[in-house]
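Values below: all heavy atoms of this structure, side chains included; hydrogens, waters and symmetry mates excluded.
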Amino acid sequence: MTQLPHAPRSGLGTQYLELLARQGVDPVELTRQVVADDLVTVAYQGRFLASPVFLSAAERRSVAADLYQVHQLLTQLPDRLFGGDTGALAREVGMTDTQADVVQRAAKAGPPLMALARSDLYRGADGFKLLELNITSALGGFENTGINRAMLQHPVLASFVAEHDLGHVDTFQGIVDTLYAECAAHMDSGRRPVVALVDWPESFTTYEPRLKVMAALFDSVGIDAVPCHVGQVTERDGRLEAHGRVIDVVYRFFLVEEIATPADLALAEPLLRAFEEGRVGMFSRLDAELYGNKGALAMLSDDRNRAAFSPAERACIDRFLPWTRHVRTTATDAAGERIDLLAHAVAHQQDLILKPTLLHGGSGIVPGWTVGPEEWRSRLTEALDGPYVVQERIRPVPEVFPADEGQGTQELFLNWGVFLTDPQVTGGDGYNGCLVRGSTDPEVGVVSMSGGARVACSFYETDGDATDAPA
């Protein structure tokens with residue numbers, strides 16, 4: 001097995017583990033507080049880590065700044081690389097003609113797309129690296145602040161957080177603030193706004209419980225939310241309705257990838273047309289996922305596009321993004337030298353991961369180190385000139401957590417799901433909380449819930465600045 005670099009938890013993390021040991025606290029006590037919370041248990045089915053993670057103020061600000069910079073660059077790709085043609089970018093990253101037309105229509109309809117995203121970050125030996133940036137309103141993990149609140153019911157963690165002046169962000173409130181900003185014309189009618197939480201018919205069958213949780217959260221902030229799927233949205237007298245309620249805003253959980261055929265488009269057309277004509281708000285616009293597409297991220301990484309970015313932007317890309325390339329016959333390596341991509345990928349199989357650009361949730365991903373040479377070569381050949389990228393493998397440093405049972409500790413490998421909002425909308429630096437997923441497998445391809453990971457909340461170190469006030 002590959003020898004991994006070891007990095008103990010942050011200073012705060014180490015101090016917290018030492019406090020638990022001194023006081024003889026069974027870490028499982030903290031997870032019991034969370035399991036008792038119905039809202040978060042629906043999402044995570046009791047799969048919680050026994051300790052939060054901790055970010056220094058400097059780490060939080062650095063990650064937020066880099067995420068915001070990358071978000072800005074991604075959403076500017078049509079202008080920087082395609083002469084303002086959103087459809088051309090869509091086709092370049094592998095979208096169908098139907099999908100390209102949809103995102104082009106959405107981008108023209110406006111209003112401006114506000115920053116709202118969740119990252120997949122690994123902390124490598126040289127700092128955080130961005131594997132993916134999910135730019136959409138359909139973000140899993142919106143309930144994560146409930147984990148913070150539940151765990152803070154334990155006096156040991158509560159005293160530790162107070163002693164070290166730690167904060168956490170209400171992720172859901174940041175989403176609400178962004179919704180109001182992006183759909184302002186439809187959210188201020190002198191009554192409680194009605195927001196339809198609209199999924200795709202197939203995924204709605206399993207995701208409906210999560211949407212009911214979100215509806216309860218919206219109710220607590222004065223918004224009526226109606227969980228439904230696209231096929232349950234009807235049109236009457238020029239207005240969209242769901243379950244008999246007139247809709248002000250379509251909160252979109254269905255994805256562009258689900259509108260793959262003309263029949264799919266016909267199902268979504270009433271919603272798209274109502275949005276284009278200003279009869280309903282849509283959050284987020286349907287072009288949002290275009291900018292979070294893995295192929296768009298590869299365009300930032302690709303040496304051929306470096307002239308489109310300033311020195312400061314290139315520095316962010318070099319620091320924050322792993323080497324990522326579309327699967328084409330030729331490309332450039334990390335040193336900028338022209339290479340035969342397939343030959344390079346075969347030679348570096350243990351250090352690369354193959355990803356489809358149009359799927360989510362880890363679907364279709366092939367980590368090179370988990371398959372044999374023949375299968376790896378076959379999958380690369382099948383992916384050639386298709387909607388796929390290859391990306392440098394980032395080995396997350398192991399971080400120490402309390403053992404699941406009994407005394408002692410264990411090493412976990414973390415995916416840091418940092419949420420981003422627009423600083424001008426939510427204040428601060430755009431950091432909007434963090435949901436961490438952890439795995440015990442050092443060879444894991446993707447640290448995800450579908451891969452058996454468990455979740456933890458996060459707290460960050462404040463420095464007395466007003467924007468750092470704990471939630």
Side-chain angles (χ1 to χ4, degrees), residues 4 6-60 123 141 143-171 396-418 431 433-442 444 447 449 452-463 468-471:
L4 294 167
H6 178 78
R9 299 191 87 188
S10 67
L12 284 169
T14 300
Q15 291 177 54
Y16 180 64
L17 291 181
E18 292 172 348
L19 175 63
L20 293 180
R22 284 198 308 272
Q23 298 204 8
V25 175
D26 181 356
V28 175
E29 291 181 21
L30 283 86
T31 60
R32 290 195 189 104
Q33 307 288 337
V34 188
V35 171
D37 188 306
D38 290 339
L39 291 183
V40 295
T41 299
V42 167
Y44 307 114
Q45 302 298 311
R47 292 161 57 183
F48 302 107
L49 297 173
S51 170
V53 296
F54 303 94
L55 280 171
S56 72
E59 285 176 321
R60 190 211 70 207
R123 193 207 298 264
E143 317 94 332
N144 78 85
T145 310
I147 306 176
N148 294 80
R149 292 169 179 160
M151 293 193 83
L152 282 172
Q153 294 179 40
H154 196 285
V156 173
L157 178 60
S159 64
F160 183 83
V161 166
E163 177 186 354
H164 293 277
D165 194 25
L166 304 181
H168 71 277
V169 175
D170 187 335
T171 298
V397 295
E399 308 213 21
V400 180
F401 275 72
D404 291 332
E405 298 177 1
Q407 302 298 313
T409 60
Q410 63 179 331
E411 290 185 342
L412 296 176
F413 304 87
L414 305 183
N415 181 334
W416 299 71
V418 175
Y431 175 85
C434 177
L435 179 72
V436 170
R437 288 154 285 175
S439 171
T440 58
D441 182 4
V444 65
V447 180
M449 295 293 289
R454 291 170 293 156
V455 301
C457 62
S458 66
F459 292 90
Y460 63 83
E461 182 181 36
T462 69
D463 59 7
D468 282 334

Hey, is the main chain of Thr171 close enough, under 3.5 Å, to the side chain of Thr145 for a donor-acceptor pair? yes
Does Arg47 use its side chain to pair, donor to acceptor, with the backbone of Ala453 at less than 3.5 Å? yes
How many angstroms lie between [atom1] in [X] and [atom2] in [Y], if you round to the nearest 0.5 Å?
X: His154; Y: Leu20; atom1: NE2; atom2: CG; value: 8.0 Å
X: Leu49; Y: Gln410; atom1: CG; atom2: CD; value: 7.5 Å
X: Leu12; Y: Leu17; atom1: CG; atom2: CG; value: 11.0 Å
X: Arg149; Y: Asp170; atom1: CZ; atom2: CG; value: 4.5 Å
X: Phe413; Y: Thr440; atom1: CZ; atom2: OG1; value: 8.0 Å
X: Glu399; Y: Trp416; atom1: CD; atom2: CH2; value: 5.0 Å

Should the pair Phe48 and Tyr44 be assigned to parallel (<30°), tilted (30 to 60°) or perpendicular (>60°) ring geometry? perpendicular
Ser458: partners by side chain to side chain contact (heavy atoms under 4.5 Å, CB included), with sequence neighbours left out: Val53, Tyr431, Cys434
Going by side chain to side chain contact (heavy atoms under 4.5 Å, CB included), name the residues that satisfy it together with Glu163, two or more places apart in sequence or in a different chain. none
Which pair of non-hydrogen atoms, one from Gly167 and one from Thr462, has the smallest distance, and what is that distance? N-CG2, 3.9 Å
Taking every heavy atom of Pro52 against every heavy atom of Met151, the minimum-distance pair comes out as CD-CE, 4.1 Å
Let's go through Leu435 and Ile147 carefully: what are the C-alpha distance in whole Å and the side-chain angles of both, what is the deciding distance for side-chain contact (heavy atoms from CB on, under 4.5 Å) to 0.1 Å, and is it a yes or a no? CA-CA 9 Å; Leu435 179 72; Ile147 306 176; 4.0 Å; yes
Compare all side-chain heavy atoms of His168 with those of Val161 and state whether any distance is below 4.5 angstrom. no
With sequence neighbours excluded, what pairs up with Asn415 under the side-chain hydrogen bond (donor to acceptor under 3.5 Å, both in side chains) test? Arg437
Any chance the rings of Tyr16 and Phe459 have centres within less than 6.0 Å? no
